[in-house]
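Working notes for the structure below.
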Amino acid sequence: MKLIIGLTGNIATGKSTISNMFQAKYQIPVIDADIVSREVVEPGEQALEEIVATFGEDILLENGTLNRKKLGAIIFQDQNKREKLNAIVHPAVRNKMLSKKEELLRQGNQTIVMDIPLLFENNLTYLVEKTIVVYASEHIQLQRLMERNQLSEKEARDRMNSQMAIDEKRDLADEVIDNSGSMEQSEKQLKNILINWELIE
């Protein structure tokens, strides 16, 4: 059965863990929006030129690559600037993801996962046929994010608040994987979803 799956979650819910399971355990290819979003802002890419035109030369490092930390500090504080950045990056990411999907289909892949953090926020569900949300409670998200990125509670909350609440996403999804427990528990949930969707036996 051919199926395009949209995988989403919030920062520090453990989405990449599930993404890795798709690839390592089930050999289902994953197109990761975060990776693609780094590719489209590499030197020579049109999106980077537009970002520099909008935010100025000082968001570049000396070698001409994007200073993510500096840009992040600007946009996490200011919704207007965040929207300007998104208007440049998101269409570029979307187009590159679609061309990667077409290439995987040409290679004979039947099932493809599109790992898109802002799947619901940016109304991108039309790109996929089924959706899975990787869920963890806000308390666990906050703890993981502070530890993983060495952030203060305020910095972690700023990043969390820039996304749709995880409970809202859970309500919108076709399926939910609760990633608050062990990896084995998460893997069992993923396996059950794939069986229900008749993608594995």
Taking every heavy atom of A136 against every heavy atom of S180, the minimum-distance pair comes out as CA-OG, 3.7 Å
Give a yes or no on whether K101 atom NZ has more than 12 heavy-atom contacts from other residues, nucleotides or ligands under 6.0 Å away.
yes
With the side chain counted from C-beta on, respond yes when M146 and L142 share a heavy-atom pair under 4.5 Å apart, and no when they do not.
yes
With no hydrogens and no angle check, do the side chains of N179 and S186 hold a donor and an acceptor under 3.5 Å apart?
yes
Taking the side chain from D174 and the backbone from T131, do they hold a donor-acceptor pair closer than 3.5 Å?
yes
Please walk me through it: do F120 and T125 pass side-chain contact (heavy atoms from CB on, under 4.5 Å)?
CA-CA 7 Å; F120 295 120; T125 47; 3.6 Å; yes
What's the spacing between E155 CD and F76 CZ if we round to 0.5 Å?
10.5 Å
Taking the side chain as C-beta and beyond, is there a heavy-atom pair between L194 and L190 under 4.5 Å?
yes
Enter the distance from N122:CG to T8:OG1 here, rounded to the nearest 0.5 Å.
9.5 Å
Straight-line distance of D58 CG to K70 NZ, nearest 0.5 Å
4.5 Å
Walk me through it: do R68 and R38 pass the test side-chain contact (heavy atoms from CB on, under 4.5 Å)?
CA-CA 10 Å; R68 297 179 163 280; R38 284 195 284 278; 3.0 Å; yes
Rounded to the nearest 0.5 Å, what's the gap from CD on E175 to NZ on K130? Could you check?
7.5 Å
Side-chain donor or acceptor of K169 paired with backbone N/O of G9 under 3.5 Å:
yes
State yes or no: do V113 and M97 share one hydrophobic cluster built from I, L, V, M, F, W and Y residues joined by side-chain heavy-atom distances below 4.5 Å, directly or via other members?
no
Just checking, any donor-acceptor pair under 3.5 angstrom between side chains of Q143 and E147?
no
When hydrophobic residues are tied together by side-chain contacts of less than 4.5 Å, even through go-betweens, does I193 share a cluster with M114?
no
Evaluate the side-chain contact (heavy atoms from CB on, under 4.5 Å) criterion for residues K96 and V93: first the C-alpha distance (whole Å), next the side-chain angles of each, then the deciding distance (0.1 Å), finally the verdict.
CA-CA 5 Å; K96 193 152 193 173; V93 171; 6.0 Å; no
Okay, side chain of Q141, backbone of N10: is any donor-acceptor separation there less than 3.5 Å?
no
Just verifying a value: how many Å separate K69 NZ and L61 CG, rounded to the nearest 0.5 Å?
12.0 Å
Give, for atom CD of Q150 and atom CG of L145, the distance between the pair rounded to the nearest 0.5 Å.
11.0 Å
Taking the side chain as C-beta and beyond, is there a heavy-atom pair between L118 and H90 under 4.5 Å?
yes
Give the intermediate values and the outcome of side-chain contact (heavy atoms from CB on, under 4.5 Å) for residues E102 and L105.
CA-CA 5 Å; E102 294 308 321; L105 290 171; 4.2 Å; yes
Do the side chains of K100 and E103 get close enough for a salt bridge, i.e. N-O under 4.0 angstrom?
no
Does a sphere of radius 6.0 Å around CE in M183 hold more than 12 heavy atoms from other residues, nucleotides or ligands, not counting ones at 6.0 Å or beyond?
no
Polar side-chain atom of S19 near backbone of K15 as donor-acceptor pair, under 3.5 Å
no
I'd like to know if the side chain of R144 reaches the main chain of T13, judged simply by a donor and an acceptor atom lying under 3.5 Å from each other, with no hydrogens or angles considered.
yes
Is the side chain of Q189 donor-acceptor paired with the backbone N or O of D178 at a distance under 3.5 Å, no angle test?
yes
Is any side-chain N of the basic residue among K154 and D158 closer than 4.0 Å to the acidic one's carboxylate O?
yes
More than 12 heavy atoms of other residues, nucleotides or ligands under 6.0 Å from CD of Q46: is that the case?
no
I'd like to check L48 versus L60 (side-chain heavy atoms, cut-off strictly below 4.5 Å). Are they in contact?
yes
Under a 4.5 Å cut-off applied to non-hydrogen side-chain atoms, are L85 and R82 in contact?
no
Report, as yes or no, whether the 6.0 Å neighbourhood of atom CD on Q107 holds more than 12 heavy atoms from other residues, nucleotides or ligands.
yes
Do I51 and V89 have side chains that approach each other closer than 4.5 Å (heavy atoms only, starting at C-beta)?
yes
Run the side chain to side chain donor-acceptor pair (under 3.5 Å) check on E83 and Q79 step by step: do they pass?
CA-CA 6 Å; E83 284 169 4; Q79 189 178 348; 3.0 Å; yes
I want to check something: taking the side chain as every heavy atom from C-beta on, are F22 and I5 in contact at a cut-off of under 4.5 Å?
yes
Is there a donor-acceptor contact under 3.5 Å from the side chain of D78 to the main chain of I74?
no
Would you say V133 and D171 make side-chain contact, with heavy atoms under 4.5 Å?
no
